[in-house]
Trainee: 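The structure is given below, and queries will be raised subsequently.
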Amino acid sequence: MKVANKVHQILMRVPAPMYLGIAVLIFAASNSVTKKIVDIGQNHAINGRNPISLCNVLFVGNICALGLMTLIFYQDWKPHTLKALTRKDWISLTITGILSGAIAPALNFSALGQTNITNIVLIGRIEPILTLVLGVWLLGSRVNFWSIAGSLISLVGVVVTAFLASSGQMMTMAGFHIGTGEIFVAIAAIIGSIATIVGKLQLQSIPLGIFTIYRNILGTVIFFLLANLLYGPNHFAEVLSPFLWQWMIVYAAVIIITGQLCWLAGLKNATSTELNLASLLNPIAAIIMGYLILGESPTLAQYLGGSLLLVGIILGFVGNLHQAKINRELVNPSPREAMSMAIGFRGV
């Protein structure tokens, strides 16, 4: 007991930025790690099928995440709290659960099999841009010149990446060629921004634990049903494979559990500036991880699009600092806002 207390005291002394930094590095590596273990599974096929397929990783990863969320948020699931939720609350929870818990992750995982990590990271940055636009339109959020300029430049960077750096299977849209994987990432980003705004509009009074666990359960069930409908009842035939679960235990321990716990620990004392800085550094770290883990070197078009995105993100960061200075305080975001910040794929 004394050892546990000492460990707890030591962990409490760790600065919030350090926790956020560890979380950002883990989340930045998640796409590359996912793609790497899928490749490993391909070399250990069972009956001609990859036991560590992207669908299996998403399905089993969600189950592992559910275990973590239950341990953290079980106190939110009290009978009187559940009874306080209205029919409108459950409808909103269901909509966001399907959008952000099933469809968007499925699209992101599909994109992993069709394009490179750099494109996924860069095009995925359209989500905070759309969230900002929808926030101004639907929520009346205030934005300054720096934020607007940063969003516009970032949008140009996304467009450049999508049309000049596409890879894998291609589609033709309005005379332009664009990769299927890039389209999936863009659609997932749009869905993510819509789910974020729906959450801000209607789910603020709902405890974070109910929101996250319900979204996870519903998303997992919907994804399982859709995958079986689209690919057949044998699609998850290897989901109980010991080889899959050996890797998924490591995956869950590092990517899901350690990453999420560090992020939650950092949230307790982090300022809005530190959280925005984490958002700024994540895409850079993700591209570096793609190179270190997968050996993916950015192309000239990706450098161009990434440079524009970086300039846009920095301008947005300056805008946040400027707004905080006007308000004369740095107000921490709510737990749900911080948990839904656009810092990239988190392993689930």
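Computation of the quantities below employed the complete heavy-atom set of this structure, encompassing side-chain atoms and omitting hydrogens, waters and symmetry-equivalent molecules. By convention here, the first residue in the shown sequence is residue 1.
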Trainee: Is the ring pair Phe236/Phe59 parallel, tilted or perpendicular, if the boundaries are 30 and 60 degrees?
Mentor: tilted
Trainee: For the residue pair Val60 and Trp247, establish whether any side-chain heavy-atom pair is separated by less than 4.5 Å.
Mentor: no
Trainee: In a table with atom names and distances, give each donor-acceptor pair under 3.5 Å that connects a side chain of residues 128-135 to protein atoms at least two apart or in another chain.
Mentor:
| residue | atom | partner | partner atom | Å |
| --- | --- | --- | --- | --- |
| Thr131 | OG1 | Glu127 | O | 2.8 |

Trainee: Verify side chain to side chain contact (heavy atoms under 4.5 Å, CB included) between Ile287 and Tyr291, making sure each step is shown before the conclusion.
Mentor: CA-CA 7 Å; Ile287 293 172; Tyr291 174 75; over 6 Å; no
Trainee: Of all the heavy-atom pairs spanning Ile46 and Ser241, show the shortest one and how long it is.
Mentor: CD1-OG, 3.5 Å
Trainee: Taking the side chain as every heavy atom from C-beta outward, state whether Tyr19 and Leu261 have any atom pair closer than 4.5 Å.
Mentor: no
Trainee: If we ignore hydrogens and angles and just use 3.5 Å, is the side chain of Thr81 paired with the main-chain N or O of Trp77 as donor and acceptor?
Mentor: no
Trainee: For the atom pair CD1 (Ile187) and CD1 (Ile126), what is the distance rounded to the nearest 0.5 Å?
Mentor: 10.5 Å
Trainee: What is the distance from atom CZ of Phe109 to atom CD1 of Ile120, rounded to the nearest 0.5 Å?
Mentor: 10.5 Å
Trainee: To the nearest 0.5 Å, what is the distance between CG on Leu218 and CD1 on Ile213?
Mentor: 13.5 Å
Trainee: Is Leu82 linked to Ile72 within one hydrophobic cluster, defined over Ile, Leu, Val, Met, Phe, Trp and Tyr using a side-chain heavy-atom separation of less than 4.5 Å?
Mentor: yes
Trainee: In sequence, state the C-alpha distance, the side-chain angles, and the governing distance for Arg125 and Thr161, and then conclude on side chain to side chain contact (heavy atoms under 4.5 Å, CB included).
Mentor: CA-CA 11 Å; Arg125 293 300 304 179; Thr161 303; over 6 Å; no
Trainee: Taking CZ in Phe145 as the centre, count heavy atoms belonging to other residues, nucleotides or ligands within less than 6.0 Å. Is the count above 12?
Mentor: no
Trainee: Under 4.5 Å between any side-chain heavy atoms of Ile313 and Pro283, yes or no?
Mentor: yes
Trainee: What is the minimum heavy-atom distance between Ile37 and Val57, and which atoms define it?
Mentor: CD1-CG2, 4.4 Å
Trainee: Rounded to the nearest 0.5 Å, how far does CD1 of Ile52 lie from NE2 of His44?
Mentor: 8.5 Å
Trainee: Quick check on the hydrophobic clustering: are Tyr303 and Leu292 connected, directly or via other members, by side-chain heavy-atom contacts under 4.5 Å?
Mentor: no
Trainee: Between Arg49 and Ala237, which heavy-atom pair has the shortest distance, and what is it?
Mentor: NH2-CB, 3.6 Å
Trainee: Are a donor atom and an acceptor atom from the side chains of Tyr251 and Ser30 found within less than 3.5 Å of each other?
Mentor: no
Trainee: For Thr34 and Leu54, work out which heavy atoms get closest and say how close.
Mentor: CG2-CD2, 4.0 Å
Trainee: Please examine the side chains of Phe184 and Asn108, heavy atoms only from C-beta on, and report whether any two atoms are closer than 4.5 Å.
Mentor: no
Trainee: Over all heavy atoms of both residues, which pair between Ile153 and Gly312 is shortest? Give the atoms and the distance, please.
Mentor: CG2-N, 4.0 Å
Trainee: Stepwise, does the side chain to side chain donor-acceptor pair (under 3.5 Å) test hold for Asp89 with Ser92?
Mentor: CA-CA 5 Å; Asp89 290 333; Ser92 299; 5.7 Å; no
Trainee: Let me confirm one number: the CG-CH2 distance from Leu240 to Trp245, rounded to the nearest 0.5 Å.
Mentor: 7.5 Å
Trainee: Identify which one of Glu182, Glu296, Gln114 satisfies the side-chain hydrogen bond (donor to acceptor under 3.5 Å, both in side chains) criterion when paired with Asn119.
Mentor: Glu182
Trainee: Side chains of Phe73 and Phe211: closer than 4.5 Å at any heavy-atom pair?
Mentor: no
Trainee: Quick check for you: to the nearest 0.5 Å, what is the distance between Thr96 atom OG1 and Ile197 atom CD1?
Mentor: 13.0 Å
Trainee: Does Thr258 use its side chain to pair, donor to acceptor, with the backbone of Ile255 at less than 3.5 Å?
Mentor: no
Trainee: Indicate if Leu93 and Leu66 have the same hydrophobic cluster label, given that clusters are the connected sets of ILVMFWY residues with side-chain heavy-atom separations under 4.5 angstrom.
Mentor: yes
Trainee: Can you give me every donor-acceptor pair (side chain of residues 225-235, partner residue at least two apart or in another chain, under 3.5 Å) with its distance?
Mentor:
| residue | atom | partner | partner atom | Å |
| --- | --- | --- | --- | --- |
| Asn228 | ND2 | Phe224 | O | 2.7 |

Trainee: Taking all atoms of both residues into account, what is the closest heavy-atom pair of Pro51 and Leu244, and its distance?
Mentor: O-CD1, 3.4 Å
Trainee: With a 4.5 Å heavy-atom cut-off, do Asp39 and Asn43 have their side chains touching?
Mentor: no
Trainee: Do the side chain of Thr115 and the main chain of Ala111 share a donor and acceptor less than 3.5 angstrom apart?
Mentor: no
Trainee: Same cluster or not: are Ile249 and Ile63 linked, directly or through other Ile, Leu, Val, Met, Phe, Trp or Tyr residues, by side-chain heavy atoms under 4.5 angstrom apart?
Mentor: no
Trainee: Tell me, do Leu112 and Val38 make a side-chain contact under 4.5 Å, heavy atoms counted?
Mentor: no
Trainee: Quick one, Glu238 with Asn50, criterion side chain to side chain contact (heavy atoms under 4.5 Å, CB included). Give me CA distance, side-chain angles, the key distance, then yes/no.
Mentor: CA-CA 8 Å; Glu238 279 70 48; Asn50 183 356; over 6 Å; no
Trainee: Leu300, Leu310: one ILVMFWY side-chain cluster at the under-4.5 Å cut-off?
Mentor: no
Trainee: Go through Ile217 and Asn62 one step at a time and tell me if the side chain to side chain contact (heavy atoms under 4.5 Å, CB included) criterion holds.
Mentor: CA-CA 8 Å; Ile217 294 174; Asn62 270 342; over 6 Å; no
